[in-house]
Amino acid sequence: AQSVTQLDSQVPVFEEAPVELRCNYSSSVSVYLFWYVQYPNQGLQLLLKYLSGSTLVKGINGFEAEFNKSQTSFHLRKPSVHISDTAEYFCAVSAINNDMRFGAGTRLTVKP
Amino acid sequence: GAVVSQHPSRVICKSGTSVKIECRSLDFQATTMFWYRQFPKQSLMLMATSNEGSKATYEQGVEKDKFLINHASLTLSTLTVTSAHPEDSSFYICSARPRNHYEQYFGPGTRLTVT
């Protein structure tokens with residue numbers, strides 16, 4: 001079975017500063033990795049996903065993530081955040097024909 | 001493409017009554033559907049997995065007689081919360097996945113409040 005650990009429950013950051021949200025995973029098989037964003041009282045929006053190929057994945061809203069197999073990590077980054085990036089971010093892992101497992105979430109708060 | 005809808009988006013019911021939530025894949029056939037529950041400020045917890053035409057597989061600790069899941073067609077799954085109680089109040093999210101696919105597509109969620 002797969003599992004995900006998000007290393008930070010809360011990340012406060014000032015507007016226009018860079019940010020990194022950390023995610024480690026565990027699995028005995030090849031996996032697919034995802035980052036989702038959730039705004040209050042809304043569903044999940046896919047930011048980006050890693051399936052195979054290039055380890056640097058670019059997503060929407062200026063986010064990117066790097067898959068590191070040796071460190072079993074998939075950290076999310078953005079070079080310059082905006083107030084509108086304030087939200088809950090979830091890292092998730094799945095294997096083909098398996099269910100998806102989510103991390104506990106990281107609350108990103110962007111301050112002016 | 002790959003749109004999943006949920007209905008209703010919000011529902012308030014009285015304690016002891018039952019409520020049904022629908023999850024539909026609008027533009028693809030979903031051989032597998034998943035139901036998640038999310039409490040405030042917490043992550044999504046998988047409740048059950050259902051394959052079209054088969055009985056749902058429930059996660060440990062989820063009462064299958066309380067949370068009835070039906071996946072009658074390749075585009076529709078329903079979750080019925082029977083004899084709802086205030087502690088069942090939560091955000092319920094479904095997702096759908098085509099056969100042999102790696103990605104799930106999520107619905108917008110249903111906010112259930114039991115008074």
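Throughout, a chain's letter reflects where its sequence line sits, starting with A, and its residues are numbered from 1.
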Got a sec: does the [atom1] of [X] have more than 12 other heavy atoms crowding it under 6.0 Å?
X	atom1	value
B:K66	NZ	yes
B:H7	NE2	no
A:K111	NZ	yes

Task: Residue pair B:K41 / A:E88, side-chain heavy-atom distance below 4.5 Å - done: no
Task: Min side-chain heavy-atom separation A:Q45-B:F106 under 4.5 Å - done: no
Open item on the list: So for A:Q6, is it side chain, backbone, both, or neither that comes closer than 4.5 Å to the heavy atoms of chain B?
Closed with: neither
- [ ] Measure distances from A:R107 to the heavy atoms of chain B and classify the residue's part below 4.5 Å as side chain, backbone, both or neither.
- [x] neither
Open item on the list: Under 4.5 Å from any heavy atom of chain A, what part of B:Q104 do you find: side chain, backbone, both or neither?
Closed with: both
Open item on the list: What part of B:Q6 gets within 4.5 angstrom of chain A, counting heavy atoms only: side chain, backbone, both, or neither?
Closed with: neither
If you take all heavy atoms of [X] and [Y], which pair is closest and at what distance?
X	Y	answer
B:E103	A:F34	CG-CE2, 3.8 Å
A:F90	B:Q38	CZ-NE2, 3.5 Å
B:Y36	A:M100	OH-O, 3.5 Å

Report yes or no: do [X] and [Y] belong to one cluster of Ile/Leu/Val/Met/Phe/Trp/Tyr joined by side chain heavy-atom distances under 4.5 Å?
X	Y	value
B:L26	B:F34	no
A:F102	A:L48	no
A:V4	A:Y50	yes
A:L47	A:V81	yes
A:I60	A:W35	yes

- [ ] Report yes or no: does B:S43 contribute a side-chain atom to a donor-acceptor pair with the main-chain N or O of A:G103 at less than 3.5 Å?
- [x] yes
Task: Pick from B:T49, B:L44, B:I93 with the largest number of heavy-atom pairs that fall under 4.5 Å of chain A - done: B:L44
- [ ] Quick one: which of B:E59, B:R10, B:M45 has the most heavy-atom pairs under 4.5 Å with chain A, could you say?
- [x] B:E59
Task: Leading residue by heavy atom contact count with chain B [cutoff under 4.5 Å; candidates A:S9, A:A92, A:A104] - done: A:A104
